[in-house]
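Step one of this worksheet: look at the structure below.
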Amino acid sequence: MGKVIVVTSGKGGVGKTTSTAALGGALAQRNEKVVVVDFDVGLRNLDLVMGAERRVVYDLINVIQGDAKLSQALIRDKRLDTLFLLPASQTRDKDNLTPEGVERVMADLKRHFDWIICDSPAGIERGATLAMRHADVAVVVTNPEVSSVRDSDRIIGLLDAKTAKAERGERMEKHLLLTRYDANRAERGDMLKVDDVLEILSIPLLGIVPESMDVLRASNIGAPVTLADSRSAPAMAYFDAARRLAGEDVPITIPGEKRGIFGKIFGRRAA
Amino acid sequence: MNIFSFFGRKQTAPAARERLQVLLAHERSSVGTDLVSLLREEILEVIAKHVQLDADKVQVKMDRNEHVSILEIDVEIPLKAAAEAA
């Protein structure tokens, strides 16, 4: 049976879709069968970030409504044999995303895949609660910024109250993925430090993704950053995060200033 | 970048941290507000079955600290109505 992961955040624009694609790519590179599912009905974007926007024929709503079989809606990644995408619908009414339908599709996916990674829509509305409903593990994506941290706190509350796991009286496994982290600014005292965010939200850390141009470059060409440039700093961070998700014990390294004298002189341009 | 701190440019992250801590402590404790209003409605309904009373004379308060939650219900029944019920 596959493991269901929800990538969630509360606030929009913090990197949920990027992280879903990157983690999906990283896990699939371990030769495990992975499907990334876009729950953002109405504003789908995961297909675009994965570079599959022109291959979408059927979507999640089609499968839920019985207009298409799951196998017809799944899109196999061109680069990785073990990576699949279940896209969201763009045009149809959001109300078609029914709790029963979602439950059925998730049960089906769990039979066929090792990992089911659900990209949640932003907010605390129905779409977000449906995306997290059947999750075994939650990855809470947070920027080191006040509004993002506050919204993550709300989402952590929801994860403990409104998921199937919570209703069964079980504890939801939650992890923090800190994205767009800039070590220099944190060092200068103008950005919340990793420890600050961890202390405030008090959930275990899954990884720290440094602020980097490579993330934008990857989405420009339509590839998860772990596949587009696997040697880049954000890709490495996502690889480590994926290994931790898979249960490996990987020590956390906080990206710090490792520049020498030249870096100090020319560094500001990069930062 | 260190030059700025020499001239006393203030660090902003500590302020962010402090604001968040205060805000979230407040928000976490008031998560129960929905529950309180729900309780208030239902308590009012039950009592109104037997005694005629003013809707705003029912006060429901939830206090939370580290160890216990205290639910405080204060219902004010007018003298006349109480006599009728008895």
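To find a chain, count down the sequence lines: A is the first, B the second, and so on, and within it residues start at 1.
A 6.0 Å sphere centred on CZ of Arg231(A) holds no more than 12 heavy atoms belonging to other residues, nucleotides or ligands. Shown here is Met236(A), whose CE atom has no more than 12 heavy atoms of other residues, nucleotides or ligands within 6.0 Å.
The two residues Tyr238(A) and Leu23(A) come nearest to each other via the heavy atoms O-CD2, 3.8 Å. A pairwise comparison of heavy atoms in Arg244(A) and Pro251(A) identifies NH2-O, 3.2 Å as the closest pair. Across every non-hydrogen atom of Thr179(A) and Pro144(A), the tightest pair is O-CD, 3.2 Å. Considering all non-hydrogen atoms of both residues, Glu173(A) and His175(A) come closest at OE2-NE2, 2.9 Å.
Within residues 147-162 of chain A, the residues that have a heavy atom under 4.5 Å from a heavy atom of chain B are Val149(A), Arg150(A), Asp153(A), listed by number. The interface of residues 197-214 of chain A with chain B, defined by heavy-atom distances below 4.5 Å, comprises Glu199(A), Ile200(A), Leu201(A).
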Return a table of donor-acceptor pairs under 3.5 angstrom between the side chains of residues 11-18 of chain A and protein atoms on other chains or two or more places apart.
unit_1: Lys16(A); atom_1: NZ; unit_2: Ser9(A); atom_2: OG; d: 2.8
unit_1: Lys16(A); atom_1: NZ; unit_2: Lys11(A); atom_2: O; d: 3.1
unit_1: Thr17(A); atom_1: OG1; unit_2: Asp119(A); atom_2: OD2; d: 2.8

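Under the salt bridge (Lys or Arg N to Asp or Glu O under 4.0 Å) criterion, the residue pairs touching residues 130-149 of chain A are Arg133(A)-Glu167(A), with sequence neighbours excluded.
A salt bridge does not link Arg185(A) to Asp190(A): none of the charged side-chain nitrogens sits closer than 4.0 Å to a carboxylate oxygen.
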